[in-house]
Novice: 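Quick one: this structure, given as structure tokens, is what I'll be asking you about.
These values consider heavy atoms only, across backbone and side chains, with no hydrogens, waters or symmetry-generated copies. Proteins get letters first, then strands, A, B, ... in listed order; numbering begins at 1 in each.
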Amino acid sequence: MPERVAIVGVGHSDIRSITPGVSYKELMFEAATRAYEDAGVNPRRDVDSFISVSEDFWEGTSIFDEYVPDQLGGALRPVHTVTGDGIQALGCAAMLIRTGRARIVAVEGHSKHSDMRTPYHIQEFAFDPIFNRPLGAHPHYLAGLEMNRYLFETGTTREQCAMVVRKNRSCAISNPRAVYGARLSVEDVLASPPAFYPLTELDIARPADGCFVMVVAAESVAGDLAGEPVWIAGYGWCTETPSLESREWGEAVYARLAAQQAYRMAGITDPFRDLDFAEVDDSFSYKELQHLEALRVCRPGEAADMLEDGVTGPDGDFPVNVSGGSLGVGHLLEATGLHRVYEVVLQLRGQAGSSQLAGVERGLAQSWRNLPTTTGCVIILEKG
Amino acid sequence: MLERITNPEEVRTWSGAVPIEHVYTVGVAGEVFFRAIKDRGRLVACVCPDCGTDYLPPRLYCERCFAKTADYRDLEARGTVHTFTVAHFDLDGRRLATPELYAFVRINGSGGGIVHRLGEVAASDVYIGMEVEAVFLPPARRTGSILDIAYFKPVV
């Protein structure tokens with residue numbers, strides 16, 4: 001039986017809509033300093049390996065991997081970059097530890113979205129250059145296409161998607177990390193200017209800047225560290241197809257398959273019963289509902305009913321995105337998954353302040369690499 | 001932990017841009033597809049002999065079972081609106097004076113389809129399941145591109 005692995009330290013920088021006062025390296029330094037303090041480790045002495053998640057085009061620098069070691073305390077040490085979501089990096093950290101290559105690993109993800117002058121051009125550059133990019137459309141049109149099909153196939157309504165926005169923006173008011181807390185009505189969402197039918201402007205998560213760092217450790221050393229361990233019980237990720245022409249439009253297949261891997265590893269057979277709460281991707285309002293169905297928390301088409309019945313509300317039986325999610329906190333590019341994990345860790349440690357849920361033992365974080373990808377990640381975390 | 005700038009007028013930035021230019025090879029299956037569009041105003045599909053998955057646009061290999069595909073065949077550029085959207089913003093994030101209609105059109109007789117613009121129809125009249133057909137540029141103006149299709153319009 002391989003060794004168990006825990007998250008033993010977490011830290012983040014200020015999360016803001018813009019961060020002109022600091023460079024991306026300083027954002028990372030701030031988050032790393034807090035995470036090492038929380039874990040009680042010295043990165044120059046104790047951390048065996050470092051993993052950063054980043055995408056060159058978001059950063060505006062080719063081979064961005066070269067620019068991450070120093071501000072993490074990882075100069076002259078093993079460092080690698082995962083061009084993907086932060087949950088993939090946590091999985092890589094767990095594997096480094098379970099194979100015996102490292103005992104303590106630091107994982108980092110950040111967003112300096114406000115440094116980008118042409119973010120939608122960069123996102124559109126991720127589309128197929130021959131079949132899709134010639135249309136020259138704003139990349140969010142793809143979410144409009146997906147949402148319309150999802151509503152058609154499940155009978156979910158625009159009003160129910162607006163309730164996701166109302167719930168998450170409202171939850172964000174209690175979260176000191178959240179940029180976009182607000183009391184909104186369903187009517188506010190539906191009446192906001194149309195964006196990409198059926199999406200209105202308020203159905204779309206807005207970007208934020210910020211950085212998250214986590215310290216991951218083997219069970220053999222976790223007990224000697226300062227941070228309260230939260231155990232990684234399972235993880236998985238998967239990519240469906242890059243081709244718009246052959247993918248599913250109504251169902252998040254990537255999330256279903258990633259969850260299957262994580263559930264098998266964690267011994268979960270009934271997610272609704274076996275998990276206490278979840279932080280799932282809500283970068284567009286309908287995504288929270290589509291993802292909950294893919295995670296098999298409920299059957300296809302039933303996520304909206306759970307929402308309406310209050311089951312996924314902060315006081316419900318299965319709270320979802322009590323942090324405020326990406327709609328409430330802000331979308332953090334490839335750090336988004338780490339943000340969701342951070343919120344799950346705080347809940348399991350009992351450190352979530354006025355957002356704290358009672359009696360939670362096991363939670364799930366799920367991420368999606370946003371448009372135009374079909375890559376999703378799932379991680380299951382639990383108390384000692 | 002970190003000293004902070006307290007005067008916003010002291011904030012400095014540096015601008016950078018890089019020209020990025022590529023050629024993108026369409027490949028063996030892409031060549032068949034775009035020649036059919038340019039020369040015949042038709043779409044091409046193919047099928048996986050192992051699992052039966054049908055591809056439009058065609059691929060050289062099956063993404064599900066990794067087998068080489070076969071049975072390339074011409075199809076009429078007609079299909080149904082599988083899903084659609086109305087885009088109100090352009091690529092620079094500016095609100096469009098005239099919103100644009102986009103759809104994924106499932107091509108009749110194939111397992112695939114094409115993401116493209118809809119034209120000659122009002123947004124309020126579009127519905128999932130609507131039958132549409134491609135409007136091609138005149139043959140002399142075609143270059144062997146997805147934009148040789150100007151848009152899809154309702155079948156009257």
Novice: Measure the spacing between CZ of B/F104 and CG of A/L142 and express it to the nearest 0.5 Å.
Specialist: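 Atom-to-atom, B/F104:CZ and A/L142:CG are 11.0 Å apart.
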Novice: Over all heavy atoms of both residues, which pair between A/G21 and B/I5 is shortest? Give the atoms and the distance, please.
Specialist: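 Closest heavy-atom pair between A/G21 and B/I5: O-CD1, 3.4 Å.
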Novice: Any chance you could measure A/H121, atom NE2, to B/I20, atom CD1, to the nearest 0.5 Å?
Specialist: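 Result: 12.0 Å between the selected atoms.
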Novice: Less than 4.5 Å to any heavy atom of chain B: does that hold for the side chain of A/D14, its backbone, both, or neither?
Specialist: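 For A/D14, the contact with chain B is made by the side chain alone.
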Novice: Given that the side chain runs from C-beta out, which part of A/P193 has a heavy atom under 4.5 Å from chain B: side chain, backbone, both or neither?
Specialist: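 Its backbone and side chain both get close to chain B.
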Novice: Could you check whether atom OH of A/Y67 has more than 12 heavy atoms from other residues, nucleotides or ligands sitting under 6.0 Å from it?
Specialist: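 Atom OH in A/Y67 is not crowded, with 12 or fewer foreign heavy atoms closer than 6.0 Å.
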Novice: So do B/E63 and A/S246 actually touch side chain to side chain, heavy atoms under 4.5 Å?
Specialist: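 Yes. Closest side-chain heavy atoms under 4.5 Å.
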Novice: So which of A/F152, A/F125, A/F196 has the largest heavy-atom pair count under 4.5 angstrom toward chain B?
Specialist: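 The candidate making the most pairs under 4.5 Å is A/F196.
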Novice: Counting only heavy atoms from other residues, nucleotides and ligands, does the tally under 6.0 Å from CD of A/E159 exceed 12?
Specialist: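 Above 12, so yes.
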Novice: Got more than 12 heavy atoms from elsewhere within 6.0 Å of CZ, A/R44?
Specialist: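 Yes.
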Novice: Using the rule given for salt bridge (charged side-chain N to carboxylate O under 4.0 Å, His left out), can you reason through B/R4 versus A/E30, listing the C-alpha separation, both sets of side-chain angles and the distance that settles it, and then say yes or no?
Specialist: CA-CA 11 Å; B/R4 299 268 178 178; A/E30 181 185 351; 3.1 Å; yes
Novice: If you count heavy-atom pairs within less than 4.5 Å of chain B, which of A/S62, A/G60, A/P194 leads?
Specialist: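 Counting heavy-atom pairs under 4.5 Å, the top option is A/P194.
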Novice: Is A/F57 close to chain B through its backbone or its side chain, or both, or neither, when contacts mean heavy atoms under 4.5 Å?
Specialist: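 When you check distances to chain B, only side chain atoms of A/F57 fall under 4.5 Å.
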Novice: Determine whether A/R133 and B/Y24 make a side-chain contact, defined as any pair of heavy atoms from C-beta on separated by less than 4.5 Å.
Specialist: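 Yes. Closest side-chain heavy atoms under 4.5 Å.
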Novice: Which residue out of A/D115, A/T241, A/T118 racks up the most heavy-atom pairs below 4.5 Å with chain B?
Specialist: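 Option with the top pair count is A/T241.
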Novice: Tell me, side chain or backbone of A/E201 under 4.5 Å from chain B's heavy atoms, or both, or neither?
Specialist: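 Contact with chain B: side chain only.
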Novice: Using a strict 4.0 Å threshold on nitrogen-to-oxygen distance, state whether B/R59 and A/E245 make a salt bridge.
Specialist: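 Salt bridge: no.
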Novice: Against chain A, label B/V26 side chain, backbone, both or neither, depending on which of its atoms sit under 4.5 Å from a heavy atom there.
Specialist: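 Its backbone and side chain both get close to chain A.
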Novice: Which residues from residues 73-103 of chain B are near chain A, with near meaning under 4.5 Å between non-hydrogen atoms?
Specialist: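 At a heavy-atom separation under 4.5 Å, chain A is reached by B/H82, B/T83, B/F84, B/T85, B/V86, B/A87, B/H88, B/F89, B/D90, B/L91, B/D92, B/G93, B/R95, B/Y102, B/A103.
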Novice: Counting only heavy atoms closer than 4.5 Å, note whether B/T25 contacts chain A via side chain, backbone, both or neither.
Specialist: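 Only the backbone of B/T25 comes within 4.5 Å of chain A.
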Novice: Looking at A/R117, I'd like to know if its CZ atom is crowded, meaning that more than 12 non-hydrogen atoms belonging to other residues, nucleotides or ligands lie closer than 6.0 Å.
Specialist: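 It does not: A/R117 CZ has 12 such atoms or fewer within range.
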